[in-house]
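Atoms within each ligand, like the ligands themselves, are counted from 1 in listed order. Below, all heavy atoms of this structure are taken into account, side chains as well, without hydrogens, waters or symmetry copies.
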Amino acid sequence: MPKKFYVTTPIYYVNDVPHIGHAYTTIAADVLARYHRLLGDEVLFMTGSDEHGQKVEQAAKKRGIPPQEHADELVLGFQALWKQLNISNDDFIRTTEERHKEAVTAILNQLWEKGEIYADTYSGWYCTPDERFWTEKEIVDGKCPDCHRPVEALSERNYFFKMGQYRDRLRKHILDHKDFIQPDSRRNEVLGFLEKDLNDLCISRPKHRLEWGIPLPFDQEYVTYVWLDALVNYISGAGYIQDTARFKIFWPSDVHLVGKDILTTHAVYWMTTLMALNLPLPKTLFAHGWWTLDGQKMSKSLGNVIKPSEVVETYGVDAFRYFLLRQVPFGNDGDFSKEALSNRVNSDLANDIGNLLSRTLTMLERYSEGCTPEKIQGDRQEDQDLQNMAEALFEKVDQHLNHLQFEKALVEIWQVISQANRYIEKGAPWLLAKDPAKKGRLQTVLFYTSEAIRIISRLIAPFMPEASKAMGKQLGLSEESADTTLKEACRWGNLPPGLPVSKGKVLFPRIQPEKKEPNQAQAFKSKKSAVPPPIKDLITIDDFAKLDLRVGVIRSAEKIEGAKKLLLLQVDIGSEKRQVVAGIATQYAPDELIGKEAILIANLQPATIMGIESQGMLLAAGGKKVLGLATFSEVIPPGSTVR
Ligand code: MSP
């Protein structure tokens with residue numbers, strides 16, 4: 001019997017266009033949904049739009065059109081973005097759909113009949129932008145404790161859900177179920193909130209104040225509070241009213257993903273509503289952190305909202321998905337910047353995985369007649385090490401994804417990628433190929449590398465579906481048939497021999513950092529009439545052969561305190577990392593160097609500069625003043641020799 005997996009995102013307000021924050025939750029949910037489908041589970045992945053309430057009514061009013069028309073238009077922006085981001089949602093629920101309105105109406109009737117809802121006159125404070133009531137005790141200096149905007153005094157008759165009576169039951173449920181609210185910091189936050197008395201929840205808005213909502217079935221003068229309306233999407237979308245068979249399969253949900261700002265509404269309002277309805281509670285509610293942009297809060301008023309579609313057009317959809325989930329542990333806040341994204345693309349994607357794939361395909365073309373190699377059992381320690389790591393990878397990724405630790409899962413995958421790159425360096429197939437007696441060893445190295453790549457390509461599929469497909473295709477693999485689960489696909493030794501491989505386009509092209517002005521142009525401008533220095537005395541080819549020049553990838557770069565011109569670099573030359581002190585700080589910011597492939601004089605006697613040992617030197621154009629590092633336009637494996 002396949003297991004079921006139901007994952008949701010919040011439903012997004014259609015008062016605005018989608019931004020990175022929306023993309024983040026939806027991509028995370030997509031990775032989980034894709035992963036569970038690959039496991040063979042029956043998946044329901046639900047996202048949607050929150051279309052009622054004051055914010056939407058106001059946004060429509062501003063545009064001078066009816067709210068439904070406004071919602072119909074804005075929802076398209078979300079749906080188009082999900083397509084562009086390869087989001088594989090099984091359904092999309094809009095709160096203005098009949099199936100949803102029917103569910104909300106049915107629930108309100110049920111709660112009303114059960115005596116869970118009562119009418120009362122409420123005097124208190126109202127935060128208009130948040131559409132929330134606060135008590136005298138809760139407000140801070142006349143302002144909303146949540147958004148810090150002024151609140152207004154209100155006294156009106158409304159309907160209330162007897163939420164307060166569920167406080168102890170909810171606390172107990174949280175304490176008894178360790179994974180119910182995650183991460184732990186958010187669980188503690190909710191437990192802290194529940195230490196105080198829990199007020200009942202106002203679930204109505206009089207129509208004279210807000211018209212755009214679902215009418216209360218027992219009093220047509222009121223509409224439903226937008227949060228109660230919205231939360232019901234998780235069951236209305238799953239078929240609560242219109243498809244009870246589907247609802248039976250999928251409810252309770254496995255994971256509700258939300259941002260940390262909407263934790264209370266989910267952990268308290270929603271869970272107590274479910275208790276009142278006698279429905280089982282979701283297994284996990286996970287609240288992730290927030291993204292800032294270049295260190296600043298993203299907001300329309302600051303004009304710094306980045307459109308995901310623009311990022312995708314420049315960097316590619318898989319790079320964007322990878323960055324968001326790799327950059328910060330899920331649950332923490334993160335900062336988005338183009339520099340950080342470029343660095344990740346260049347180092348993890350272009351260098352690590354891109355390089356591994358392209359060098360392996362080249363080797364298969366050259367040394368294996370363009371086909372996947374025979375399955376061979378290697379007898380060396382390094383063969384066993386790579387096999388062990390690749391074989392253990394599925395379980396590790398599985399563990400991490402079960403705990404929504406996307407970044408840890410990716411780190412594990414990247415460790416195998418690095419191991420495979422090191423394996424190639426050590427195996428040096430290009431040397432083996434020169435000696436016919438070593439043909440067997442050459443085939444072994446090719447098999448181990450290709451097999452590791454095959455497993456890696458399968459495991460990146462939930463994160464980077466397009467890259468995974470392209471990798472498989474380049475390796476000659478047909479798409480895994482639906483009846484093969486990911487676990488089986490990740491078994492060592494499944495690579496069929498003799499499949500024709502094809503080196504397609506570069507999967508992850510390197511991103512060139514944006515430069516204000518090209519270095520060369522700058523140099524020529526300032527030194528228009530500069531005469532190049534005279535050519536030095538001749539050397540012999542033997543003199544030249546003494547130099548061991550290697551391709552080195554700059555993995556890190558930092559300023560050296562007290563030295564304006566110097567940077568401390570860590571340069572990866574495949575077999576080892578070299579620490580190099582380079583006089584290039586006037587030409588390059590540390591960040592723009594990460595991922596650059598340079599040329600290192602690898603057998604230069606170490607020198608101590610500013611008390612730091614420099615283990616080699618990078619080739620650069622210019623004299624005393626450096627004009628630019630010598631680099632390559634192709635992706636070259638680190639450690640390759642340069643002649
Ligand atoms: N409509 C409600 C949710 C109802 S769910 C029953 C809502 N919508 S929203 O469009 O304002 O926000 C949706 C999600 O986007 C929230 O989870 C929120 O945390 C997330 N983000 C909005 N800005 C964000 C960042 N800057 N960073 C990360 N996520 C953020 O709230």
[X] side chain to [Y] side chain, donor-acceptor N/O pair below 3.5 angstrom:
X: Thr26; Y: Tyr12; value: yes
X: Glu466; Y: Asn86; value: yes
X: Thr292; Y: Asp335; value: yes
X: Trp82; Y: Asn89; value: no
X: Gln110; Y: Glu116; value: no

So is [X] polar-close to ligand 1, meaning N/O to N/O under 3.5 Å?
X: His288; result: no
X: Tyr13; result: yes
X: Ile11; result: yes
X: Trp227; result: no
X: His22; result: yes

Whether Trp291 and Phe336 hold their rings parallel, tilted or perpendicular, with breakpoints at 30° and 60°: perpendicular
Among all protein heavy atoms in this structure, tell me which lies nearest to [atom], with the distance rounded to 0.1 Å.
atom: atom 27 (N) of ligand 1; result: Trp291 N, 2.9 Å
atom: atom 14 (C) of ligand 1; result: Tyr12 CE2, 3.7 Å
atom: atom 20 (C) of ligand 1; result: Gly21 O, 4.2 Å
atom: atom 16 (C) of ligand 1; result: Ile262 CD1, 3.7 Å

State the atoms of ligand 1, each with its element, that fall below the 4.0 Å cut-off from a heavy-atom position in [X].
X: Pro10; value: 3 (C), 5 (S), 17 (O)
X: Gly289; value: 28 (C)
X: His266; value: 5 (S), 6 (C)
X: Asp261; value: 18 (C), 19 (O)
X: Asp50; value: 1 (N), 2 (C), 4 (C)
X: Met298; value: 26 (N)
X: Gly259; value: 17 (O), 19 (O)
X: His19; value: 22 (C), 23 (N), 24 (C)

Set of side chain to side chain contact (heavy atoms under 4.5 Å, CB included) partners for Ala340, sequence neighbours left out: Phe323, Gln327, Ser337
Exceeds 12 heavy-atom contacts within 6.0 angstrom, atom CD of Glu211: no
Residues, nucleotides or ligands: over 12 heavy atoms within 6.0 Å of Lys307 NZ: no
Ligand 1-proximal atoms of Lys297, by part, heavy-atom distance under 4.0 Å: neither
Aromatic ring proximity Tyr240/Phe247, centre distance under 6.0 Å: yes
Test of ring centre spacing under 6.0 Å for Tyr322 and Trp414: yes
Option among Tyr118, Tyr225, Tyr222 that satisfies the ring-ring contact (aromatic ring centres under 6.0 Å, His included) test with Phe160: Tyr118
Any Ala287 heavy atom less than 4.0 Å from ligand 1: no
contact_flag Trp270 ligand 1 heavy-atom lt 4.0 Å: no
